[in-house]
Amino acid sequence: MKCQSVACIWSATPPSHRATATAVLDSPPTLYTGGSDGSIIWWNLSSTESNPEITPIAMLCGHAAPIADLRTCYPVVAFGNEKKDSLTNGGGNSTSGYYGALISACTDGVLCVWSRSSGHCRRRRRLPPWVGSPSMVRTLPSNGRYVCIGCSFVDTVHVSGHHSTDPAEGGEGSVDRVSQQRKPPKCTVVVVDTYTLTIVQTVFHGNLSIGSLKFMAVVPPTEHREKHSVVMGDLSGRLQLVSILKDPHRDGEVGTGSHKSSSQSGMTVWADELSEGGQVLSIATCGDVIAFVLQNRCVFRLLASGTTIGEISFEDNFICLESKSAQSHVIGGMFLESEDFGSELNNDELNELFSKKFSVWNNKGFAVVYTISFSNSIFKSELLCEIPSTSHPHDVRLSVCLIQLNCYLLRIDSLCFGVEEPLQWKPHITIWSLHSEHDDHGKLCLQCRMLGESSFFVDWIANFTLLQEIEGPAGWKNELSSKQSSDPSSTSVNNIHEDDYNYGCVHKGQIISSSMVISENLFAPYGIVYGFFSGEIEVVRLDLFHGLTSHGNSPRCAVSSHVSRQYFLGHTGAVLCLAAHRMVGTSKGWSFNQVLVSGGMDCTVRIWDLDTGNIITVMHQHVAPVCQIILPPSRTDRPWSDCFLSVGEDSCVALASLETLRVERIFPGHPSCPAKVVWDGVRGYIACLCRNHSGTSDANDVLYIWDVKSGARERVLRGTASHSMFDHFCKGISLNSLYGTVLNGNTSVSLLNLPIIDDGSFSPSNLNNKEKLVTLSNVVPGITNIIEPNTSQANVSKGISVKPYLSTQSILQSIKPSIKCYCPFPGISTLIFDLGLLMFPCQRRESTANGNDKADSTNVKEKVTERPSPRHINIDDGSDMHGSMTDSMEELDWIRSLEECLLRFSLSFLHLWNVDCELDNLLITDMKLKRPENLIVASGLLGDKGSLTLTFPGLSSILELWKSSSEFCAMRSLTIVSLAQRMISLSHSGSTASSALAAFYTRNFAERYPDLKPPLLQLLVSFWQDESEHVRMAARSLFHRAVSRAIPLPLRSQKATDQVNLNSLIGIRENEHDKLNIEGTSANGLHSDQLLETQGISQVEESKILAWLESFEMQDWISCVGGTSQDAMTSHIIVAAALSIWYPSLVKPNLAMLVVHPLVKLVMAMNGKYSSTAAELLAEGMESTWKACLGSEIPRLVGDIFFQIECVSSPSANSAAQNLVIPVAIRETLVEILLPSLALADIPGFLTFIESQVWSTASDSPVHLVSLMTLIRVIRGSPRSLAQYLDKVVNFILQTMDPSNSVMRKTCFQSSMTALKEVARVFPMVALNDTWTRLAIGDVIGELNNASIRVYDVQSVMKIKVLDAIGPPGLPTLLATASETVVTTAISALSFSPDGEGLLAFSEHGLMIRWWSLGSVWWERLSRNFVPVQCTKLIFVPPWEGLSPNSSRLSIMASITGNGRQVNSQENASSVSHADSLKLLIHNLDLSYRLEWVAERKVLLIGHGHELGTFQL
């Protein structure tokens, strides 16, 4: 499991966004817009109906190509509301957020499914290359889990709903017709399962019978069609219908052959064109009616017959005359939902067969809504309402699309100011009501009312005030100030576009063309580099390690005095690519250590000294813009380790050296600019994938593989084989990569551009030590350069110790970077904090401090010194290389200081500032956190395969993620609380601030904002067995704090539901903790009202609980932590079991009975993540909860556990897997925790089982040792429970010491003696002599006429004597008033004499001491005689002060004189059952008595630590 938290750093320039696709989801209303750059913006519609507002919440980053289409889907279809509720996990009242999801497709073939609640990417996959480029996505009407994707092989695919006024984009139809004459267009239509993103059916694959695919729809079955059909259309209005032959959720197959022939047989073609009216601009379907939108009219036809039923002409309507410009024309149309939007139906419309609302809009944003109807061959259309066009300056480029959301119509305008590159697009969204309204004179007003609009730049403008005083290139500050003067809240359309115009006048120097994060030192990023369209480069330093100068100093997080921003000027065109590299070798005549490589539109590659800012050289190996810089991967041999690749639009790839500053290789001859270039440094090859730009088929995608050393072209692959080989090539690189990805070093290449490969394929443990050191030498710079990025080479000779560098390498050689960084889009920097990697080095440091890794560290240091490092620090010949203990401690202190810096850096970016000012000040003053004041920081969520969900700047957007995503709340809270607890253990000076920080995210944050989502319980329990103790503690504390609000709905009792509703109204109060404590005390049994509720539990509710326990599909958190469906099911079991034990009053009463058997199965599964947790829960709730559920199954469960222990511990298992870490950890939990609790639950059954194992199991089996250790734990934990079975316990221990079984005796002797000593220590009625050769055990509880003491020889484990302890000699009727069969305490304490020849026994019942004085000869002579031996002497003990007369401790004299009261346990036995009296005796059993010898014939009686009397024998 991975807990990764994301911090996003936004640039000062808002991102450009040109909407190419839209989708909506309701409950709550949400809009998604896909952009031409691959980004998707998530917008929320405010719930205020009077003045709703669209606000951007987050950017969804999963694509690197234009978004072709967006659609809503239902990855897990729930039938009926009740099933939806039962599968919904929630801390809130609304469960509709889990109903739908968003699927996005880009032209590059990548599909993403985004969660409705959190916006997080659940699944990211790429379609196979034979499918083509996706252009349209349609959801199947019958099953929302499946979508139909239409793909084409035309390079310039049509994007549905996107239109532009650019004349250059208008000649699409003529080009398409020319291509139709040359070759039939190729198309693929596939059905994809949105849960797995796999193709389940190929509906069509081949050449179309019509023109190029421009429109697609899925129509449901009708009287004329028995199956779903896919309708495909071209620009001429010709249609091709293909039936979907198979039900997607039955036996879907992936393939083309069989489906191709079948689809052709089910195909229908409507070849008649709509000759009049020009090209078809849009097609819309509704049932069996299809609408063709042309420039001057809209034609409606029936799909079944192809007959025209009517049309709407735009010639007489001002939708075409709305603008005098010739460029104004209709561009789109759609059917609206069938709700009544305020218009009244006429009486003659009651018998209509078809009645719908239809909307049409033009390229200026003007839209009209018609009411159309068709009945009895009569077609009617009536204008319902209209939306006015947008007003904007004439030089503004505009893109318009409309979409319906409930009773609103949303218009998405994409505005672009300026006619030259770069084009900066801004989205502007308006909300229009579809209700017809009346004006002041009572007349019906056709114009719709605008209800609200978007505010895309409000938070950016607010954040600009923090950055205005920063120095930069001339003119920037004035431009920023001008943006702040706009009024985004105005409702006037003209004012809005004046603001847009001001935005469009922003100097192009502010528009970012490329960016990257410098993070090459394995610790944390220390700089962000921005490349601008103006050619300038800006470096923003984070200054993490400023002040950490040597291992003797502690880190200082004070604000640095030097300038944190640096500018590089030289490029004359836009900077398109960036890379930063630290030199490995020695440059000839150069003093630079870290270089910045940049490529731009001016066709040059410039190399800069990153420390000084000076230009090193300018390279001219390309004659076209340079679009990529590729760095050498880790483990690359010299001299290639100091080289880089530059990719130009001239179709050439060049290899240049940073040592010689020359171009060493040129790889020419590519058919186009390589879209993707990767470098395999281990094998010495470069792979260049060139995408098809001919627009005819997929056979022209070409992969070139080059040999780096020789410069020769090794292989050329075409078609689908090129993609398969490229993916295989990338997997090999990721296996050798230190970062576990194909991305090498610090470059501006986005991970979204790289192939999608499986995560976690790389493990550093697979490398040997030498390979690890080689890897580090390429990536880890000198420690002085890590500490001070601005330190020059001259400082190296000042005698700074090399030991911190060596110690750092020895400790960090086997871990990954804990903070990963990359830029998904230019100007957006992301920092991904891995909690496991942040915490794991802490544990390693502690083991190193204890000396466990000293030998390993020494070997590592020797290997480091063998490798020459001429650029690093010079080591003095007289230095002590062996090191002293003082130096080692100083190095470890330095490492701890470095770790403190790393944790402070993480908390600075992850903490939510400006929520609690008092806490913020405490963190700055006490914990020394460095607030990122000069940066615009937001939050984010990591998705599948490198996808990201990044919130926009501003507290409202970040809080929206806290309010909508339980997964985000759990992961972010867990990370911060764990880091805060770790800071307490590292630095006690900041413990107050750390505790306050942990308390804020555990409790105070939710109290301040009651509508926050509670942390997801399933996610928290998945970290209960984390390697780090701090993570485990944080996960459990967050679980207990959030449980009252986060109980899943199927498990929630009515009491918990009422409490959640109450908390939603009044917030969480302080008395909640007290309520939970009261509920926790009721865990020993169900209340009476619960018992009544149990009787009323229906089978429907029980089935809901079982369905929730077995559900695994509808879990967004699984992809957040990198889990599987098995993790989903097991976490459900863990959550249900924990709630049954700790909070029984908050869950349904029968939950324990339903979850106990899945919990037992989970224990037996030996799952490394959850079995230990399940065993702990089973042990903790055994007495209070599970014992009543399991009953007679406990002995069988004990047997199963012993079987698992024997399997894990067997020699064959150890030989098969030497490093069986997980089973060993589970074995410890089973032995140390679960078995003792099971033994206590059924002691007779447990003792019977372990006795049977003596003869049925191998003599050297670990079962016997485990049995002995379990007995010891039970004796220490609950000795009274074993009191009545003391004989069986001793007999078992003696059997394991049987001399006749030498193997068992040798295996168990030490543990057996330990168990015997423990029995003698805890139970005073068991005694061992001083030489451990004789053992005496007396009856703890027994009948008055049958009490005895057994004496054993320890060496032969044989019973040698029985001593009579029935009563005093000569007085057989002394206790005649009491029944002789009453069970009571018999022997309270035993003790052998110092010489071992005598035995002393004290009985609390009767207050008497018995003494047996027997010689050694007598012992030997009577060793075979088991006739009970009477005592030699009897001493009566007088009652002492505090002895209760109402207990069983009555003296014999009280019985003789008749003053005995009838309140003792013997006389009350008639009124209670035998079992109850036995429980009472065990409960009152006193194990504090001791007999100590103070002289040869004198003994001291002690009880409860007090001396009760001394007696002479």
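Reckoned from all heavy atoms, side chains included, excluding hydrogens, waters and symmetry mates. All figures in this text were calculated on a predicted structure; none of them were measured in a lab. Sequential numbering from 1 along the given sequence is applied to the chain's residues.
Considering only heavy atoms from C-beta on, Leu1190 comes within 4.5 Å of Val1160 through its side chain. Side-chain contact between Thr1229 and Leu1234 is absent, with no heavy-atom pair separated by less than 4.5 Å. Between Thr1185 and Val1156 there is no side-chain heavy-atom pair separated by less than 4.5 Å. Side-chain contact between Thr1173 and Val1021: absent, with no pair of heavy atoms (C-beta onward) separated by less than 4.5 Å. Within the 4.5 Å cutoff, the side chain of Ser966 has no heavy atoms near those of the Trp1117 side chain. At least one side-chain heavy atom of Ile819 sits less than 4.5 Å from a side-chain heavy atom of Phe905. Within the 4.5 Å cutoff, the side chain of Val1155 has no heavy atoms near those of the His1132 side chain.
A search for ring-ring contact (aromatic ring centres under 6.0 Å, His included) contacts involving Tyr1170 returns nothing, not counting sequence neighbours. Residues forming a salt bridge (Lys or Arg N to Asp or Glu O under 4.0 Å) with Asp1026 (at least two apart in sequence, or on another chain): none. In this structure Asp1127 satisfies the side chain to side chain donor-acceptor pair (under 3.5 Å) test together with Thr1124, Lys1169, sequence neighbours excluded. Listed by chain and residue number, Leu835, Leu974, Val1031, Ala1034 satisfy the side-chain contact (heavy atoms from CB on, under 4.5 Å) test with Ser978 (two or more places apart in sequence, or in another chain). Residues meeting the salt bridge (Lys or Arg N to Asp or Glu O under 4.0 Å) test with Arg1276, sequence neighbours left out: Glu1318. Evaluation of the side chain to side chain donor-acceptor pair (under 3.5 Å) rule for Ser973 yields no partner, not counting sequence neighbours. Among residues two or more places apart in sequence or in another chain, the salt bridge (Lys or Arg N to Asp or Glu O under 4.0 Å) test is passed with Asp1011 by Lys963. Among residues two or more places apart in sequence or in another chain, the ring-ring contact (aromatic ring centres under 6.0 Å, His included) test is passed with Phe833 by none. Here His120 pairs with nothing under the ring-ring contact (aromatic ring centres under 6.0 Å, His included) rule; sequence neighbours left out. Partners of Phe1023 by ring-ring contact (aromatic ring centres under 6.0 Å, His included), not counting sequence neighbours: none found. The salt bridge (Lys or Arg N to Asp or Glu O under 4.0 Å) check on Glu1176 picks up Arg1036, with sequence neighbours excluded. Under the side-chain contact (heavy atoms from CB on, under 4.5 Å) criterion, Ser995 pairs with Ile984, not counting sequence neighbours.
Using a cut-off of 4.0 Å between Lys/Arg side-chain N and Asp/Glu carboxylate O, Glu899 and Arg982 are scored as salt-bridged. A salt bridge is absent between Glu1110 and Lys1161; no separation between the charged side-chain nitrogens and carboxylate oxygens falls under 4.0 Å.
Each of Ser939, Ser965, Cys3, Pro1015 was compared with Arg972 under the side-chain contact (heavy atoms from CB on, under 4.5 Å) criterion, and only Ser939 meets it.
Ring-plane geometry between Trp1142 and Phe1039 is classed as perpendicular, the angle between the planes exceeding 60 degrees on a 0 to 90 degree scale with a lower cut at 30.
In this structure a side-chain-to-backbone donor-acceptor pair under 3.5 Å is present from Arg904 to Met927.
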